[in-house]
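The block underneath contains the structure these notes are about, expressed in structure tokens.
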Amino acid sequence: MDAKRGKQLGLKLREKKRWGGERKGAGRKRTAPMRRVDHRTRPRLGERHAVHATWRVLPHVWNLRTHRSFAPMLRAFAAASGRVDARITRFSVQGNHIHLIVEADGTKALARAMQGLGIRLAKALNRLMLSKGAVFADRYHVRPLGSPREAWQAIRYVMRNHFLHAQRQGRTVADQADEYAVGPELLGVASALWRRLGTDGLPIAQPRGWLLRQGWMLGVPAGAFG
């Protein structure tokens, strides 16, 4: 304070370096080479709610679309199909990811079912590869299905996923039932492979809700099977 003039003296302070705020390169750095699933709050599900779930495996995991990988996976699915509060009604296995149509009796039921299935699949694939550690790249992505049209589109996408990938890559694939896709309409086709692989038990469960039992058929466009 200047006693004669009664004025506050100014101090020359060094400008503090700011570490926060938006700037180029700010934020948590990516630790994985692939895109991660956003850690947002899961959607709240009601009783017998249908969802489309997708799960990706890590790069070191062997190709899932081989008989040696598919056999232990089928056994894991069969062991998990007896759950009462969540039911895997359809699924397809691609080279590095899995698509599932699941019916769950609430958000917690879905989380418990997926956790249990993930543990079974990880153990089965690790035994096959003589390895340990994580198998899945991140937590699964889930999309709720609320209408017959959404359910039909998800079912079609899951059951024909192999052909869709082939079209995008410009590859020619025979337009026939995919033996790595399992659903009620393909049990006859898939069961022949199951017998060759020595798999016992049904790897999917029957849905209990209206949408996946019959409602999805109302979403089929006219002439879709024509």
If you look only at distance, which donor and acceptor atoms sit under 3.5 Å apart when one is on a side chain in residues 89-96 and the other is two or more places apart or in another chain?
residue	atom	partner	partner atom	Å
Thr89	OG1	Ile101	O	3.1
Arg90	NE	Glu185	OE2	3.3
Arg90	NH2	Glu185	OE1	3.0
Ser92	OG	Gln94	NE2	3.4
Ser92	OG	Val158	O	2.9

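- In this structure Ser81 satisfies the side chain to side chain donor-acceptor pair (under 3.5 Å) test with no other residue, sequence neighbours excluded.
- Under the side-chain contact (heavy atoms from CB on, under 4.5 Å) criterion, Lys123 pairs with Ile119, Arg127, sequence neighbours left out.
- In terms of the salt bridge (charged side-chain N to carboxylate O under 4.0 Å, His left out) criterion, residue partners of Arg112 (sequence neighbours excluded) are, by chain and number, Asp85.
- Applying the side chain to side chain donor-acceptor pair (under 3.5 Å) test to Ser131 and every residue at least two apart in sequence or in another chain returns Asn126.
- Every salt bridge (charged side-chain N to carboxylate O under 4.0 Å, His left out) that Arg65 has, sequence neighbours left out, goes to Asp178.
- Side-chain N or O atoms of Trp55 include one that pairs as donor or acceptor with a backbone N or O of Asp138 at under 3.5 Å.
- Every side-chain contact (heavy atoms from CB on, under 4.5 Å) that Ala113 has, sequence neighbours left out, goes to Arg83, Ala86.
- Leu164 shares a hydrophobic cluster with Tyr157; the chain of contacts runs through ILVMFWY side chains whose heavy atoms sit under 4.5 Å apart.
- Residues passing the side-chain contact (heavy atoms from CB on, under 4.5 Å) test with Ala205 are Arg87, sequence neighbours excluded.
- Using modelled atom types, one side-chain atom of Glu103 and one backbone atom of Gly209 make a donor-acceptor pair closer than 3.5 Å.
- Annotation: side chain to side chain donor-acceptor pair (under 3.5 Å) contacts of His99 (sequence neighbours excluded): His52, Thr54, His97, Asn161.
- Under the rule for a salt bridge (charged side-chain N to carboxylate O under 4.0 Å, His left out), Arg120 has no partner lying at least two apart in sequence or in another chain.
- Residues passing the side-chain contact (heavy atoms from CB on, under 4.5 Å) test with Pro148, sequence neighbours excluded: Trp210, Leu211, Leu218.
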Can Leu64 and Tyr180 be said to form a side chain to side chain contact (heavy atoms under 4.5 Å, CB included), step by step?
CA-CA 9 Å; Leu64 303 180; Tyr180 295 100; over 6 Å; no
